[in-house]
Amino acid sequence: MTITYANYPDDKGHFGDFGGKFASETLMHCLEELKEAYSKFKNDPEFQQRFQNDLADYVGRPSPLYLAERLTTQMGGAKIWLKREDLNHTGAHKINNTIGQILLAKAMGKKRIIAETGAGQHGVATATVAARMGLECVVYMGEVDIQRQAINVYRMKLMGAEVRSVSSGSKTLKDALNEAMRDWVTHVDDTFYIIGTVAGPDPYPAMVRDFNAVIGQEVKRQAAEKIGGLPDALVACVGGGSNAMGLFHEFLDDASVKLYGVEAGGHGVETGEHAASITAGKVGVLHGNRTYVMSDDDGQIIETHSISAGLDYPGVGPEHAFLNHTGRAEYVTINDDEALHAFHTLTKVEGILPALESSHAIAYGMKLAKTMDKDKNIVINLSGRGDKDVHTIAAIEGVSV
Amino acid sequence: MSLLTQKFEQLAGKKALVPFITAGHPKPELTVSAMHALVANGADVIELGIPFSDPMADGEVIQLSSESAIAQGVGLNDVLSMVSSFRENDTTTPVLLMGYLNPIECFGYSEFVKQANACGINGVLLVDSPPEESEQLLKLLAEKNMHQIFLVAPTTTDERIKYIMQSATGFIYYVALKGVTGSADLDSESVNKDVLKLKALGELPVAVGFGVKDAASATAVAEQADAVVIGSALVKLLGNCVDEKSVVSTIESFLKPIRIALNSL
């Protein structure tokens, strides 16, 4: 049977066996309210117009689809195109979703915004839109991430957000998410939780995907103009998976387009020190949805490792779990050192500093290009810029900046 | 009739005391003694927490107790064994497992229900498994005459209460406040009002939990409720215990006054 992917999720927020609403009872009403509001505004021309206007005039869309000629020549295979989400306001795709969610929050009359962040890109994007709307904003961030993303922490504070350090568990993104959930349960009446990825309880996975779907919609139009048809392959990094879902969504029912999600292989999947939930995790329930999670035999969530704070999450959006299950998308891994190598390659060959998250996609895209004919076209989502990671990279390489 | 339903029938108007402890905390070898001490000091039903690494709806006290138990190697298999040991000397006190879904997902629903039933567990209360996601588990539990206890929160609408009532058995767990376990500031007046409403909407006994910490708060919320659940305050005290003697004496000095106060209602 052919699956029409546009029909997912179902009414209960299920993508086949994945997704759902595994939330505490205190949040259930709030999630229902959110779903209702989102369903209404999704089809409201005025809301959609405002969203599109903001994407154009505040975010700076459309982002270019750039032919990386020198990189293509160096790889000697398929043409490599970069979708330049790094050129968006605040420097990553994260702003697309936060623009959408803040408009919803405002329309729902919420007074206070909370968010969680790993690399800080989502935190910065949330602090940005909250400042613009004049709403109180609290961002939860793991103690470890606060240290490795000091510049983004400062950017959030400059925009008036309060950054709360989370010192429980592994002190990274998953713990920040737990803490944000606790805050939400406590302040459910006036608080809007802007989740940063395509995970969490229904309706978040579909809603965040829809707000990011502009990436793939633009790629489809731009590819028609620039290459005269559909690309042959799309490549994006996957932590929670919002930039990848944003890129993939428009192409899910175009069977000729191959989809590759690149997970963080860390020190190597075989070492156990990685964040590759689909490649090496198991089906479980975490943070409100059923998906692939990294857990031990007792069901305890295990600590992850990635050179990139933004990919360092032990779960993945349920729609990715579904796409893996059906075989529509292929999920692969790239290790820390491969990502670092790709970072340097793109920087030197094209003069573009990619985020370490995006460097995973670049690394796989480079490998893939070599295996494909010169008349084929690969689009790699350059989901964010690497300025925020310069200190991390310098520290790894023993350079003082 | 299940042991739990029998218990509520036997109580006949007396308020049930339902203490919560985390399995394996403060030490795995003390949990069974702690369970017996709970019963000896007035517990009618025991809620035994399955340690979980990411307890999103719990406060710091229960989170730390879970982390401590996990660090000592306690998993769901160990929790089941603890209940088996408890059952060697107590076959009448209902025991419910409380926690999050992922450990059970990993175990496999069918195998979990089979083993839990064999160990003498009477039901589960899973914070992140609302009725709409519990169809399969509910069916398996029902086959063994076991319960899945569902929560109702101050934010739950009347329409949703009716929906939850369709799947609920045993009792309804009313979350007394918007917040995590162990939070302060209980508004007992509104809790009692909400409990009355719950009782009007269904037949099941109602237990009140979250924010109950002593005899005063227990009696304040037990005016209308059939049972009171008390967790964080007890778990915090148990964290200071080092041996069986201190666990037993801590439980006695904490639980007995609450039992006496509830008996006076």
Side-chain angles (χ1 to χ4, degrees), chain A residues 11-14 17 19-33 166-170 174-191 200-202 281-291 293-303 314-315, chain B residues 50-60 63-64 66-67 69-71 73-79 99-107 112 126-135 150-157 159-161 163-164 172-175 177-181 183 185 210:
Chain A
D11 292 345
K12 286 179 153 184
H14 290 162
D17 294 337
K21 198 186 285 184
F22 294 86
S24 64
E25 183 54 38
T26 309
L27 296 177
M28 292 301 278
H29 176 61
C30 174
L31 289 166
E32 278 168 15
E33 253 182 4
V166 177
S167 57
S168 58
S170 59
K174 84 173 173 74
D175 309 287
L177 221 148
N178 292 338
E179 218 46 56
M181 287 260 185
R182 291 185 181 117
D183 180 314
W184 198 23
V185 168
T186 310
H187 304 102
V188 65
D189 293 331
D190 68 343
T191 297
D202 176 57
K282 52 180 92 165
V283 175
V285 170
L286 179 67
H287 294 148
N289 63 109
R290 179 180 280 116
T291 184
V293 297
M294 285 182 50
S295 71
D296 65 17
D297 291 342
D298 281 329
Q300 311 298 353
I301 306 305
I302 50 183
E303 290 186 13
Chain B
I50 307 167
F52 181 52
S53 53
D54 293 71
M56 282 103 61
D58 282 295
E60 193 183 19
Q63 184 189 356
L64 291 175
S66 266
E67 282 179 12
I70 293 166
V74 177
L76 186 48
N77 269 314
D78 305 290
V79 180
Y100 294 79
L101 195 55
N102 202 50
I104 292 173
E105 286 261 335
C106 269
F107 210 95
F112 165 74
L126 300 165
V127 180
D128 56 357
S129 191
E132 41 271 84
E133 301 290 357
S134 299
E135 202 178 323
F150 289 111
L151 299 142
V152 167
T155 49
T156 311
T157 58
E159 195 187 354
R160 186 164 168 80
I161 291 172
Y163 167 70
I164 293 170
I172 293 285
Y173 187 131
Y174 182 70
V175 176
L177 46 81
K178 293 171 195 165
V180 294
T181 52
S183 311
D185 301 333
F210 280 49

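Chain letters run A, B, ... following the sequence lines, proteins first, then strands; residues in each count from 1.
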Interface moiety of [X] toward chain B, non-hydrogen atoms closer than 4.5 Å:
X      : result
A:D189 : side chain
A:K21  : both
A:H187 : neither

>> To check you understand the geometry: which heavy-atom pair defines the closest contact between A:D296 and B:C106, and what is its length?
In response: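 Taking every non-hydrogen atom into account, O-SG, 3.9 Å.
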> Shortest non-hydrogen contact from A:V185 to B:G179?
Replying inline: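 Closest approach of A:V185 to B:G179, heavy atoms only: CG1-O, 3.0 Å.
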>> As a quick check of understanding, evaluate salt bridge (Lys or Arg N to Asp or Glu O under 4.0 Å) for B:E105 and A:K282, giving each step before the final call.
In response: CA-CA 10 Å; B:E105 286 261 335; A:K282 52 180 92 165; over 6 Å; no
>> I need the residue from A:K174, A:E179, A:K12, A:E32 with the largest number of non-hydrogen atom pairs under 4.5 Å to chain B.
In response: A:K174
Just wondering, more than 12 heavy atoms not from [X] lying within 6.0 Å of its [atom1]?
X      : atom1 : answer
B:E60  : CD    : no
A:D297 : CG    : no
A:D11  : CG    : no

> Does B:E67 have any side-chain contact (heavy atoms from CB on, under 4.5 Å) partners at least two apart in sequence or in another chain, and if so, which?
Replying inline: A:S168, B:Q63, B:L64
Could you state the interatomic distance from [atom1] ([X]) to [atom2] ([Y]), rounded to the nearest 0.5 Å?
X      : Y      : atom1 : atom2 : result
A:E25  : B:I164 : CD    : CD1   : 3.5 Å
B:F210 : A:T26  : CZ    : OG1   : 6.5 Å
B:D54  : A:D175 : CG    : CG    : 6.5 Å

With a 4.5 Å cut-off on side-chain heavy atoms, are [Y] and [X] touching?
X      : Y      : answer
A:L286 : B:N102 : no
B:M56  : A:S24  : no
B:R160 : A:M28  : yes
A:R182 : B:P55  : yes

>> Treating A:Q300 as the side-chain partner and B:S53 as the backbone partner, does any N or O pair qualify as donor plus acceptor under 3.5 Å?
In response: yes
> Which residue out of B:L126, B:L76, B:D58 racks up the most heavy-atom pairs below 4.5 Å with chain A?
Replying inline: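 Highest number of heavy-atom pairs under 4.5 Å: B:D58.
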> Which one, B:P130, B:P154, B:S66, B:P131, leads in non-hydrogen pairs under 4.5 Å with chain A?
Replying inline: B:P130
> Do B:E133 and A:H14 get their side chains close enough for a donor-acceptor pair, meaning under 3.5 Å?
Replying inline: yes
> What part of B:F107 lies closer than 4.5 angstrom to a heavy atom of chain A: side chain, backbone, both or neither?
Replying inline: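 Neither part.
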> What part of B:V175 is in contact with chain A, defined as an atom under 4.5 angstrom from a non-hydrogen atom: side chain, backbone, both or neither?
Replying inline: side chain
